[in-house]
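A short write-up of the structure that comes next.
If you're wondering where the values come from, they're calculated on a predicted model, not measured in any experiment. Sequence lines set the chain letters: A, B, ... in the order given, protein chains first and strands last, and positions in each chain run from 1.
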There are 2 protein chains.
Amino acid sequence: MGTAEETAGGEAQAWGEVTPDAARRLLIAAVEAFAERGYHATTTRDIAGRAGMSPAALYIHYKTKEELLHRISRIGHTKALEILRTASRREGSARERLADAVGSFVRWHAGGRTTARVVQYELDSLGPDARAEILALRRQCDDEVHAVIEDGVASGEFDVLDVKGTTLAVLSLCIDVARWFNVDGPWTPDEVGALYADLVLRMVGAGEPAPAQK
Amino acid sequence: MGTAEETAGGEAQAWGEVTPDAARRLLIAAVEAFAERGYHATTTRDIAGRAGMSPAALYIHYKTKEELLHRISRIGHTKALEILRTASRREGSARERLADAVGSFVRWHAGGRTTARVVQYELDSLGPDARAEILALRRQCDDEVHAVIEDGVASGEFDVLDVKGTTLAVLSLCIDVARWFNVDGPWTPDEVGALYADLVLRMVGAGEPAPAQK
DNA sequence: GACCGCACTAAGCGCCCGCTCACCTTCGGC
DNA sequence: GCCGAAGGTGAGCGGGCGCTTAGTGCGGTC
């Protein structure tokens with residue numbers, strides 16, 4: 001299932017692909033600010049300040065404040081899709097693939113909570129075009145999970161009443177981790193990932209037949 | 001389990017308790033605006049306009065824009081707690097009570113999505129004092145669900161590995177309905193409530209023993 | 001019918017927002 | 001040693017924000 005990864009320390013993670021160094025610093029500053037206070041409550045002066053630059057510097061690298069959110073959303077959703085795709089298309093039974101998908105998806109939401117929060121909850125602040133683009137990525141995420149669940153039903157591993165509704169519930173459960181997860185709380189991202197994988201297998205009727213409690 | 005209620009039409013629901021008529025109209029306008037665009041993106045001019053009044057009228061009934069959000073949050077959370085309490089403390093097995101709690105809680109989030117969205121997602125926009133007050137209500141909601149699940153474990157009806165974690169997951173699942181539910185979508189609030197009640201019973205190891213598919 | 005209290009409005013204050021612009025470095029190429 | 005491009009700054013613009021204040025219409029009381 002692969003242990004935590006970007007879970008570690010500073011959560012600086014995959015922003016390496018953002019190329020001018022100053023642009024990356026601004027982007028990371030924006031992620032932090034958006035996650036803490038929300039897109040609309042964050043000022044461009046705040047973002048620039050966190051990156052150690054003057055307010056005007058932001059506009060050398062990004063056309064508007066919205067472009068920052070758009071870039072963050074696209075990178076984040078691409079990463080999320082990659083995580084789900086890797087798990088759902090690997091070798092193994094539907095049961096294993098679903099547990100892997102949920103486990104790694106949840107670990108990403110818990111460990112990279114700052115990023116995940118922006119990616120999952122600030123979508124409505126994008127303009128129509130940008131939002132449409134991101135929603136297309138999101139639909140692909142849904143499709144990956146849907147396919148695994150359908151595989152499991154077809155193979156008889158799962159017992160599901162409403163495949164579409166259950167898919168939605170599974171994704172919803174994972175995504176909401178970004179809302180409540182607290183780094184100072186009682187769980188590590190790995191623990192939540194394992195718990196959620198178990199819960200989701202139960203939801204699709206493929207839970208262990210009661211593993212002797214605890 | 002009691003069928004839908006405030007699910008119907010205009011979702012004007014329980015605001016009857018807000019007493020001067022103008023104050024109620026402003027509050028409803030604020031709920032709609034906050035739900036659509038978020039607290040920070042909503043202007044006091046927008047709220048007053050929706051209520052058919054001048055911008056200044058708002059300040060006769062409410063001291064600040066934040067007080068509006070505070071009032072909405074308190075009324076909403078009180079209603080949510082009442083729903084959970086009614087279901088979790090009625091007569092019946094833990095299985096029945098949990099299904100009832102999840103079903104009615106989900107119906108409230110789906111049917112009153114506008115309100116639920118504000119109540120569940122704009123909490124961070126409150127100041128420290130107001131937020132603390134609302135969080136206390138929320139903790140009581142958690143406790144109700146926790147108690148039912150613990151009852152079921154004690155009576156042997158449920159089989160749960162981590163009671164606290166499962167409680168959190170169940171509540172998280174219900175709350176996130178307010179994020180994705182769409183009135184024009186393929187499901188009615190009643191349908192989602194029934195589906196989710198089934199899924200949650202599976203999560204606690206009390207699902208039907210496969211009811212002959214479909 | 002003069003009076004008061006009160007819900008409400010028109011106008012606007014002071015502030016801070018997103019964003020721009022004129023100017024200033026730094027640095028590789030010749 | 002000069003030059004232009006790239007990346008940065010300080011000052012500030014137009015505008016919309018939350019909120020206030022002076023004044024208005026109006027229903028109830030004696």
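Between A:H61 and the phosphate of D:dA6, there is no side-chain N or O to OP1/OP2 separation shorter than 4.0 Å. For the OP1/OP2 pair of D:dC17 and a distance below 4.0 Å, the side-chain nitrogens and oxygens of B:H40 include no atom meeting the criterion.
In this structure, the CG atom of B:L26 is 14 Å from the C1' atom of C:dT9, given to the nearest Å. Counting to the nearest Å, the P atom of C:dG18 and the CD atom of A:E67 are 15 Å from each other. A straight line from OH of A:Y39 to C1' of C:dC17 spans 12 Å, rounded to a whole angstrom. The OH-P distance, from A:Y62 to C:dT20, rounds to 17 Å in whole Å. What separates NZ of B:K65 from P of D:dC19 is a distance of 8 Å, to the nearest Å. For the pair A:L68 CG and C:dG18 P, the computed distance is 11 Å after rounding to whole Å. The distance from atom CG of A:D21 to atom C1' of D:dA6 is 15 Å, rounded to the nearest whole Å. Remark: C1' of D:dC19 and CG of B:D46 are 16 Å apart, rounded to the nearest angstrom.
Minimum atom distance to the side chain of B:A22 is reached by C:dC8, of the listed D:dC17, C:dC8, D:dT9. When each of C:dT9, D:dC19, C:dT20 is scored by its nearest atom to the side-chain atoms of A:Y59, the top-ranked nucleotide is C:dT20. Proximity note for B:M53 (side chain, C-beta onward) versus C:dC19, C:dC8, D:dG8: the nearest is C:dC8. Residue B:P55 places its side chain closer to D:dC19 than to any other of C:dC8, C:dG18, D:dC19. The B:I60 side chain lies nearest to C:dT9 when the options are C:dC19, C:dT9, D:dT9.
One finds a salt bridge joining B:D198 and B:R202 here, because a Lys/Arg side-chain nitrogen approaches an Asp/Glu carboxylate oxygen to under 4.0 Å. Ion pairing between a basic and an acidic side chain is recognised when a charged N comes within 4.0 Å of a carboxylate O; A:D176 and A:R179 show such pairing. A salt bridge does not link B:D100 with B:R97: none of the charged nitrogens is closer than 4.0 Å to a carboxylate oxygen.
Side chains of B:Q120 and B:H109: a donor-acceptor N/O pair is present below 3.5 angstrom, by distance only.
Along DNA chain D, the nucleotide closest to A:A56 and the one closest to B:A56 are compared, and the more 5′ of them pairs with A:A56. Of the two residues contacting DNA chain D, namely A:R45 and A:S54, the nearest-nucleotide position lying further toward the 5' end is that of A:S54.
Using a 30° and 60° split on the angle between ring planes, B:Y196 and B:W180 fall in the tilted class, from 30° to 60°.
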